Amino acid sequence: MSSLILKGRNVRLRPPCAEDADERLLLGTNAEIAEMYGVNKEDIKPITREAAVRWVHGIADHPHAWVIEINGAFAGEIRLDNINLQDKRATMAIGISNPALLGKGFGTEAITLLLRHAFSDMGLHRIGIRVLAYNQRAIRAYEKCGFVVEGRERETAYVNGSWHDDIMMGLLDREFSAPSP
């Protein structure tokens with residue numbers, strides 16, 4: 001688990017705590033958010049206490065994962081995966097679980113904090129991300145942070161009875177520019 005705390009104007013990336021499971025459970029499962037991850041409507045299930053606890057433990061066990069806290073409230077998670085120190089690259093994943101916090105720029109701020117850490121502190125050269133083509137809100141946030149579309153993998157996800165493409169996006173350290181916190 002990362003003990004590092006990354007602070008922005010409205011967003012703080014921090015290690016998880018036991019209370020996060022309660023907060024995650026209270027937020028429940030939002031159908032719109034689940035679909036953005038590629039979950040079929042008929043497969044969406046309410047979150048259980050056990051699943052919320054497992055979720056928090058997953059973040060705690062991951063060396064480059066943080067809870068997203070927005071204006072002091074639990075909001076979701078962000079992490080770097082597939083870190084390759086030889087090639088100085090990684091992939092990124094983010095999920096805001098509270099639908100009331102979507103579309104307000106908080107995801108962009110969280111991503112910017114993570115990218116600053118990845119490129120400056122960790123010395124990475126490249127961050128990649130893949131996103132379902134219909135997740136336009138996420139694509140806009142990634143583009144605001146400097147990610148560019150590098151490709152499209154056709155019909156990779158079968159969601160709600162039809163095939164959907166994945167969009168591959170990437171950002172290089174020299175392309176990233178963000179104001180200091």
Side-chain angles (χ1 to χ4, degrees), residues 1-8 10-85 89-104 106-115 117-118 121-122 124 127-132 134-135 137-139 141-142 145 153 156-160 164 166-169:
M1 166 175 84
S2 176
S3 59
L4 184 65
I5 295 174
L6 306 173
K7 295 178 187 177
N10 302 300
V11 174
R12 188 167 82 122
L13 307 182
R14 61 164 174 80
C17 61
E19 294 79 31
D20 291 331
D22 296 331
E23 294 297 318
R24 180 66 192 90
L25 187 62
L26 282 173
L27 285 173
T29 303
N30 178 278
E32 179 191 353
I33 292 172
E35 281 186 74
M36 293 303 116
Y37 299 142
V39 179
N40 289 296
K41 286 179 183 174
E42 67 269 6
D43 295 331
I44 296 171
K45 307 271 188 283
I47 190 166
T48 63
R49 171 159 293 291
E50 294 76 27
V53 168
R54 276 195 312 273
W55 182 80
V56 169
H57 285 247
I59 297 170
D61 292 342
H62 192 298
H64 299 282
W66 294 264
V67 163
I68 301 170
E69 187 179 278
I70 297 172
N71 294 324
F74 169 88
E77 75 172 299
I78 191 167
R79 65 182 191 270
L80 291 171
D81 294 317
N82 306 307
I83 297 172
N84 180 321
L85 296 177
R89 62 185 161 100
T91 59
M92 184 191 80
I94 180 173
I96 293 181
S97 304
N98 186 339
L101 300 173
L102 295 173
K104 300 180 188 304
F106 297 128
T108 300
E109 185 176 342
I111 293 166
T112 300
L113 288 170
L114 182 69
L115 292 173
H117 170 67
D121 303 333
M122 294 177 68
L124 296 180
I127 305 293
I129 194 159
R130 63 188 300 139
V131 57
L132 285 162
Y134 62 73
N135 192 346
R137 182 174 34 233
I139 291 169
Y142 304 146
C145 293
E153 195 171 19
T156 56
Y158 191 71
V159 183
N160 296 326
H164 299 277
D166 262 342
I167 303 296
M168 274 70 68
M169 302 179 80

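Just so we're clear, the structure is a prediction, and the values are computed from it rather than from any experiment.
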One pair to check against side chain to side chain contact (heavy atoms under 4.5 Å, CB included): Ile127 and Tyr142. What are the steps and the verdict? CA-CA 11 Å; Ile127 305 293; Tyr142 304 146; over 6 Å; no

Would you confirm whether [X], through its side chain, and [Y], through its main-chain N or O, come within 3.5 Å as a donor-acceptor pair?
{"X": "Asn98", "Y": "Ala100", "answer": "yes"}
{"X": "Trp55", "Y": "Leu25", "answer": "no"}
{"X": "Asn40", "Y": "Asn160", "answer": "yes"}

Do [X] and [Y] have side-chain heavy atoms sitting under 4.5 Å apart?
{"X": "Glu69", "Y": "Asp20", "value": "no"}
{"X": "Asp22", "Y": "Phe74", "value": "no"}
{"X": "Lys104", "Y": "Ile70", "value": "no"}
{"X": "Thr91", "Y": "Ile129", "value": "no"}
{"X": "Arg79", "Y": "Ile59", "value": "no"}
{"X": "Trp66", "Y": "Leu4", "value": "yes"}
{"X": "Ile68", "Y": "Leu13", "value": "yes"}
{"X": "His64", "Y": "Met122", "value": "yes"}

Could you pull out the closest heavy-atom pair between [X] and [Y], with the gap in Å?
{"X": "Val159", "Y": "Gly38", "answer": "CG2-O, 3.6 Å"}
{"X": "His62", "Y": "Leu80", "answer": "CE1-O, 2.9 Å"}
{"X": "Leu114", "Y": "Met92", "answer": "CD2-CG, 3.5 Å"}
{"X": "Ala110", "Y": "Ile94", "answer": "CB-CD1, 4.2 Å"}
{"X": "Leu115", "Y": "Cys145", "answer": "CD1-CB, 4.0 Å"}
{"X": "Ile96", "Y": "Ile33", "answer": "O-CD1, 3.5 Å"}

First locate atom [atom1] of [X], then atom [atom2] of [Y], and finally report the distance between them rounded to the nearest 0.5 Å.
{"X": "Ile167", "Y": "Ile139", "atom1": "CD1", "atom2": "CD1", "answer": "5.5 Å"}
{"X": "Leu102", "Y": "Arg137", "atom1": "CG", "atom2": "CZ", "answer": "4.5 Å"}
{"X": "Arg54", "Y": "Arg49", "atom1": "CZ", "atom2": "CZ", "answer": "12.5 Å"}

Please determine whether side chain to side chain contact (heavy atoms under 4.5 Å, CB included) holds for the pair Arg24 and Ile47, giving the CA-CA distance in whole Å, both sets of side-chain angles, and the decisive distance to 0.1 Å. CA-CA 8 Å; Arg24 180 66 192 90; Ile47 190 166; 3.8 Å; yes

Give the intermediate values and the outcome of side chain to side chain donor-acceptor pair (under 3.5 Å) for residues Asp61 and His57. CA-CA 6 Å; Asp61 292 342; His57 285 247; 5.3 Å; no

Between Leu132 and Asp166, is a side chain to side chain contact (heavy atoms under 4.5 Å, CB included) present by the stated rule, with each step listed? CA-CA 4 Å; Leu132 285 162; Asp166 262 342; 3.5 Å; yes

